[in-house]
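The residues of the chain are indexed from 1 along the displayed sequence. Hydrogens, waters and symmetry mates are skipped; everything else that's a heavy atom, side chains included, is used.
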Amino acid sequence: LLAEGNDREALGPFGGCPAVIVRCGPRPAGLADLLVQLPVVVIGVGEVGEDTGGCDVCLTIDAPGLPAPWVGAGGEPEEAAAVLAGTVAASPGAAVALVQLLRHSDRRSVLDGLFAESLAYGLLQGGAAHRAWMAAQPVRHHRPSSPGELPVLVERQDASVVVRLHRPEVRNAFDAATRDALVEVLDAVAIDPTIERVILRGDGPHFCAGGDLAEFGAVTDPVAGHLVRMTRSVAARLAALSVRVTAEVHGACVGAGVELPAYAAQVKATPDATFRLPEVAMGLVPGAGGTVSVPRRVGRERATWLALSGAALDAPTALAWGLIDEIA
C-alpha cells in the first residue's frame, strides 16, 4: 500500500494503527527507508538471516544463542507479535515516541540523546495515557530518609569510592533526593584525579526499583521538569565518568535501575538479578537516560522490545545480550 503511494496517515495513531506486523525477508525497494519515517511501531517476524530493515522489533522462534537484533518469541512468533501490538495499542503515543527516539539513537551524542529523551518524557507526562495511568494508581506518600539517614552512602577506599543507594525500605526507589545526592558525589569524583574507580551498589535485597512512584506528578511544570533533568542529570555524569565506573547490581533492577548502570564501563550482576523497563505502560518513555544507554549495549531493536513488552530479562539473557558484563 505504501509503495503505491497511499495515504501515510493510514499507519500511525491518527489512522488507528500504531503498530504493524511485517514479514522479514525480501521486500520492495525503499520500503525500509519509508517505514522508519512513519509514526508506527514496526514489528518484524521472521528467521535469523532474513532482512530486518525498517523493523523496530525482530521476533523469531526461540533458539540458543540468537544473534542481535533477534528476540526469541517461543514457538509462535506471530502470536507474540500480536500480543506486542496490543501493548502498543494500549499506549500508542508513548510507544511511537519510543521508537522515534531509538531509531536515531546511534546518530546522537549522549548529551543530544538525553536532551531528546527529556523533551519526549516531559511531553508524555502531560498526555492522556499517563494521566489515566496516574488516576488509576493508589495514593502514595513519599517516604524520605529518616532523620540522620542519607539516601546515598559514600565510602572512600584508597583510590576507590563505593557509592551505595540507601533506601532499602522502598527497594532503593529513585527519588529527587537520591538523584541530587548522586549528582553531588559524581561531581566531586569528576574533579578528583586521585579517584581511579567508582563502585555503584544498592543496599537491601534489590538494587533499584526504579523511579519513586510517590513523586510521579510532583513537577507540574513540564518546562521546569526538563530543565531539572538536564541540569541534574545522573546519566550525563555517569557517561562522562564511564571508564571509571563499575556497577554491581542485584535483585530487581527496574527503570533507572537498568538505565543508569548501563552507562558504566563494567556491569556485574548476581544470578538473581532481573532487568525491566516498565515506562511505556505508564504512558511514558524511559526517563533516566535509558533511550541512550540501553541501545548502546543491546542494540535498538532489543531495547525497543524491552521497553514495549515490559518483560523481565534474567541475568543469563542480559549477559548474552551485553546489558551486563559478568554474573558474579
Side-chain angles (χ1 to χ4, degrees), residues 48 52 55-60 62-73 80 84 98-99 101-103 105-106 108 110 113-114 117 165 171-172 174 198-202 206-211 234-236 238-239 241-281 284-328:
V48 174
T52 61
C55 295
D56 297 304
V57 179
C58 306
L59 303 178
T60 190
D62 262 331
L66 285 175
W70 296 97
V71 175
L84 194 61
L98 173 78
V99 299
L101 281 171
L102 294 184
R103 285 170 183 170
S105 61
D106 60 343
R108 301 187 185 106
V110 169
L114 292 173
E117 176 188 283
L165 306 182
R171 304 197 302 170
N172 294 322
F174 197 80
V198 177
I199 304 168
L200 181 62
R201 296 173 177 157
H206 302 286
F207 174 71
C208 177
V234 177
L238 285 173
L241 294 168
S242 175
V243 294
R244 289 197 265 171
V245 180
T246 296
E248 298 179 355
V249 303
H250 65 286
C253 304
V254 182
V258 179
E259 302 167 53
L260 295 177
Y263 284 100
Q266 182 78 3
V267 183
K268 301 179 181 181
T270 56
D272 70 328
T274 58
F275 305 86
R276 194 163 68 87
L277 296 174
E279 293 92 345
V280 170
L284 300 171
V285 294
T291 65
V292 179
S293 62
V294 176
R296 278 166 164 74
R297 278 188 163 268
V298 306
R300 77 169 181 90
E301 295 89 352
R302 284 174 164 173
T304 301
W305 178 84
L306 272 173
L308 290 180
S309 69
L313 203 67
D314 61 23
T317 306
L319 179 63
W321 285 14
L323 185 60
I324 63 175
D325 303 296
E326 181 181 342
I327 298 176

Under 3.5 Å, side chain of R276 to main-chain N/O of L313, donor-acceptor pair present?
no
Say you draw a straight line from CG of L66 to CH2 of W321; how long is it, rounded to the nearest 0.5 Å?
9.0 Å
Shortest non-hydrogen pair, I324 vs A315, comes out as CD1-O, 3.6 Å
When you measure from the side chain of S242 to the backbone N and O of A239, does any donor-acceptor pair fall under 3.5 Å?
no
For the side chain of D272 and the backbone of H250, is there at least one donor-acceptor N/O pair under 3.5 Å apart?
no
Quick one: does T304's side chain have a donor or acceptor within less than 3.5 Å of a partner on V57's backbone?
no
Using only atom types and a distance under 3.5 Å, with no angle test, would you say the side chain of R300 pairs donor to acceptor with the backbone of D106?
no
Here the pair of heavy atoms bringing P261 nearest to A247 is CB-CB, 3.8 Å
Donor-acceptor contact present, side-chain E117 to main-chain G290, <3.5 Å:
yes
Looking at C58, is its backbone amide N or carbonyl O close enough to the side chain of E301 to form a donor-acceptor pair, meaning the two atoms are under 3.5 Å apart?
no
With a 3.5 Å distance limit and no angle check, can you tell me whether R171 reaches the backbone of A209 through a side-chain donor-acceptor pair?
no
E326 side chain to K268 backbone, donor-acceptor under 3.5 Å
no
